[in-house]
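Report on the structure given below.
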Amino acid sequence: MLLNKPVPLYPPYVDLCDFDFDDYPELDKIFSSNEPWWLEQFNWGKIFLTYIGRNKSAHTYERFRNDVERFLLWSFIEKKKPIDQLRKSDLLEYADFCWQPPVDWIGTSNQERFKITNGYSAANELWFPYKIQAPKSLKADYVIDKKKYRPSQQTLSSMFTAIIVFYNYLMAEDFCIGNPAQIAKKDCRHFIIDSQVKEIKRLTASQWQYVLDTAVAMADENSMFERNLFVIAALKTLFLRISELSERPNWSPTMGHFWQDDDENWWLKVFGKSRKLRDITVPIDFLPFLERYRASRGLLGLPSSNENSILVEKVRGQGGMTSRHLRRLVQSVFDQAHENMRRSEGENKALKLKEASAHWLRHTGASMEIERGRPLKDISEDLGHASMATTDTVYVQSENKKRAESGKRRKVD
DNA sequence: AAGCATCAGCAAGACGATGC
DNA sequence: GCATCGTCTTGCTGATGCTT
């Protein structure tokens with residue numbers, strides 16, 4: 001069976017662990033009817049991904065699976081050469097391929113790799129190795145041109161990372177003798193040195209005012225939106241990441257995580273990125289929002305220590321919520337706020353509200369605090385950054401501000 | 001100090017399960 | 001019956017620690 005179009009090779013991690021060709025008749029056919037090195041290299045990918053899935057995070061598995069799969073498909077179908085025989089120039093060719101893949105390798109929607117049909121896993125016809133989508137702010141009547149697909153700098157760099165790590169693994173296992181990807185990365189012509197001034201992804205003070213007013217109005221009208229109001233107020237005022245409000249395998253946020261010290265200052269304990277626990281200062285202004293949301297759930301006053309009710313609760317069913325749905329709650333407020341602001345201030349001023357995502361609230365809150373002159377050190381701690389340098393480059397950009405200031409006074413004559 | 005390798009989190013569409 | 005919510009997906013962004 002000649003392979004002339006890309007097919008998915010690797011299932012999700014749990015399914016890869018007990019992978020058996022009997023369950024994947026199509027793959028079985030492909031590998032038994034092609035040159036033996038196809039199967040050998042499929043197996044290299046398989047043991048590498050198994051190792052990643054076992055020792056790294058689930059996300060890293062998915063990220064690396066994409067790229068190992070694309071790379072092998074390219075070597076099978078396009079290059080027709082085993083990966084242990086590839087050299088730097090071949091890898092540069094692969095980078096060109098990724099930069100502008102053929103249109104029949106590109107899809108326009110998220111799709112599962114495999115579908116179960118008649119008890120067997122079969123390739124999903126709608127799945128493609130590459131994907132192009134319309135940006136959410138331009139969703140309506142947007143025509144997708146697959147020829148316009150270009151990976152971002154991050155995507156390209158992630159591609160090299162995955163292939164480099166893959167080759168390193170193969171070298172350690174004595175399958176390969178060198179790492180052509182490592183050398184190719186330095187010569188890849190698609191990388192541009194980026195020292196641009198980056199726009200901070202935040203709302204202006206007036207856009208934020210619309211978001212807050214809209215959320216209050218929505219909650220006043222229908223108590224089901226009390227939850228939306230609480231979430232956006234918490235994300236903005238306490239600089240939270242969306243995940244820090246979500247139920248996760250090793251952490252469930254509860255009301256008891258709000259606590260008071262000896263001087264009656266309020267704090268919130270959160271479990272952040274890279275398994276770091278931190279306490280965030282809770283301003284007095286925020287307490288009414290907390291009380292209000294609690295009241296809508298029939299909880300009296302402010303949280304007592306060791307209170308173990310869920311922090312943000314589902315309206316149907318029991319327990320905390322995943323980040324996916326919390327993001328949708330934020331999005332629904334943004335959509336309404338955009339509509340309100342567009343009507344009274346015009347499309348131009350409201351535009352950013354269409355692009356905004358939940359994470360912008362963290363940026364908006366921190367940026368507004370910096371403008372009010374709160375010490376950078378304190379904000380950095382509340383954000384949970386390990387170093388103030390991160391806070392400065394992401395939120396303040398003091399170097400750029402100085403440069404803009406000194407450049408502003410140049411004369412033409 | 002800058003750059004790189006590593007890897008974790010976030011965004012948002014698709015789709016199906018679930019609770020009321 | 002249907003809105004709510006979780007899971008899977010790819011693409012994007014942020015953070016950390018090591019090397020140079």
Side-chain angles (χ1 to χ4, degrees), chain A residues 8 11-15 52 55-67 69-70 98 106-116 124 126-137 139 149-165 168 179 181-182 185-186 191 193-195 198-201 224 227 235 240-248 271-276 312-332 334 355-363 380 383-387 389-391 393-395:
Chain A
Y13 176 61
V14 282
D15 297 330
I52 293 292
N55 297 290
K56 314 291 175 187
S57 80
H59 187 76
T60 304
Y61 171 83
E62 276 158 18
R63 207 57 206 69
F64 283 11
R65 172 179 58 161
N66 280 346
D67 280 307
E69 192 174 54
R70 285 174 178 178
C98 289
I106 303 175
T108 55
S109 64
N110 278 343
Q111 294 292 337
E112 280 181 325
R113 284 173 159 69
F114 298 97
K115 295 266 188 201
I116 304 285
N124 177 1
L126 297 174
W127 177 88
F128 297 93
Y130 297 84
K131 191 190 76 177
I132 182 171
Q133 270 178 299
K136 93 171 164 176
S137 54
K139 207 70 209 160
Y149 173 89
R150 288 292 179 281
S152 71
Q153 294 286 304
Q154 274 88 359
T155 303
L156 202 60
S157 155
S158 301
M159 180 277 280
F160 270 108
T161 301
I163 305 301
I164 288 168
V165 174
N168 282 342
N179 194 333
Q182 194 105 59
K185 187 178 181 186
K186 297 192 182 2
F191 281 118
I193 309 298
D194 184 7
S195 61
K198 295 208 177 46
E199 205 180 346
I200 300 178
K201 293 190 164 182
M224 223 185 81
R227 189 174 55 167
L235 290 175
L240 299 178
R241 301 182 182 93
I242 197 83
S243 64
E244 291 165 351
L245 285 177
S246 353
E247 181 102 348
R248 285 158 291 166
F271 188 60
K273 208 166 163 170
S274 31
R275 292 183 287 279
K276 281 193 302 193
V312 183
E313 209 175 36
K314 295 178 201 172
V315 295
R316 293 224 177 134
Q318 282 175 357
M321 307 176 60
T322 62
S323 63
R324 182 68 192 94
H325 199 64
L326 285 172
R327 274 200 291 268
R328 276 194 284 243
L329 299 184
V330 174
Q331 189 61 56
S332 67
F334 281 172
E355 283 172 43
S357 65
H359 202 64
W360 286 36
L361 291 175
R362 176 171 156 93
H363 287 250
S380 184
L383 285 162
H385 289 154
S387 92
T390 308
T391 316
T393 49
V394 179
Y395 296 85

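Chain letters run A, B, ... following the sequence lines, proteins first, then strands; residues in each count from 1. Everything numeric in this text was worked out from a predicted model, so none of it was measured.
Panel note: side chain A:Arg65, backbone A:Pro11; a donor-acceptor pair is recorded below 3.5 Å. Between the A:Asn168 side chain and the A:Asn179 main chain, no donor and acceptor come within less than 3.5 Å of each other. With A:Arg227 contributing its side chain and A:Leu326 its backbone, the two residues share no donor-acceptor pair below 3.5 Å.
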Between A:Val330 and A:Trp360, does the side chain to side chain contact (heavy atoms under 4.5 Å, CB included) criterion hold? Intermediate values first, please. CA-CA 11 Å; A:Val330 174; A:Trp360 286 36; over 6 Å; no

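Look at OH on A:Tyr61: it is 15 Å from C1' on C:dT10, rounded to the nearest Å. The separation between A:Tyr130 atom OH and B:dG13 atom C1' is 21 Å, rounded to whole Å. Rounded to whole Å, the distance from CZ on A:Arg362 to C1' on C:dG14 is 9 Å. If you take CG of A:Asp67 and P of C:dT10, they are 10 Å apart, rounded to a whole angstrom. Taking atom NE2 on A:His359 and atom C1' on B:dA8, their separation rounds to 12 Å, with Å as the unit. A straight line from CZ of A:Phe64 to C1' of C:dG11 spans 15 Å, rounded to a whole angstrom. Rounded to an integer number of Å, the gap from A:Phe160 CZ to B:dT6 P is 14 Å.
A heavy-atom distance below 4.5 Å is found between the side chains of A:Glu69 and A:Pro8. A heavy-atom distance below 4.5 Å is not found between the side chains of A:Arg362 and A:Ile242.
The structure places NE2 of A:His325 at 12.5 Å from CD of A:Gln331, a figure rounded to the nearest 0.5 Å. Note that the CG atom of A:Leu383 and the CG atom of A:Leu240 stand 10.0 Å from one another [nearest 0.5 Å]. Expressed to the nearest 0.5 Å, how far CZ of A:Arg327 lies from CG of A:Leu235 amounts to 11.0 Å.
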Can you tabulate the close N/O pairs, meaning under 3.5 Å, that link protein atoms to atoms of nucleotides 1-5 of chain B?
residue, atom, partner, partner atom, Å
B:dA5, OP1, A:Gln182, NE2, 3.1
B:dA5, OP2, A:Lys185, NZ, 3.0

Going 5' to 3' through nucleotides 4-9 of chain C and flagging B where a protein heavy-atom sits under 4.0 Å of the base, S where only the sugar-phosphate is that close, and - otherwise, we get SBBB-B

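At B:dA11, one or more side-chain N or O atoms of A:Arg327 fall inside 4.0 Å of OP1 or OP2 (strictly under the cut-off).
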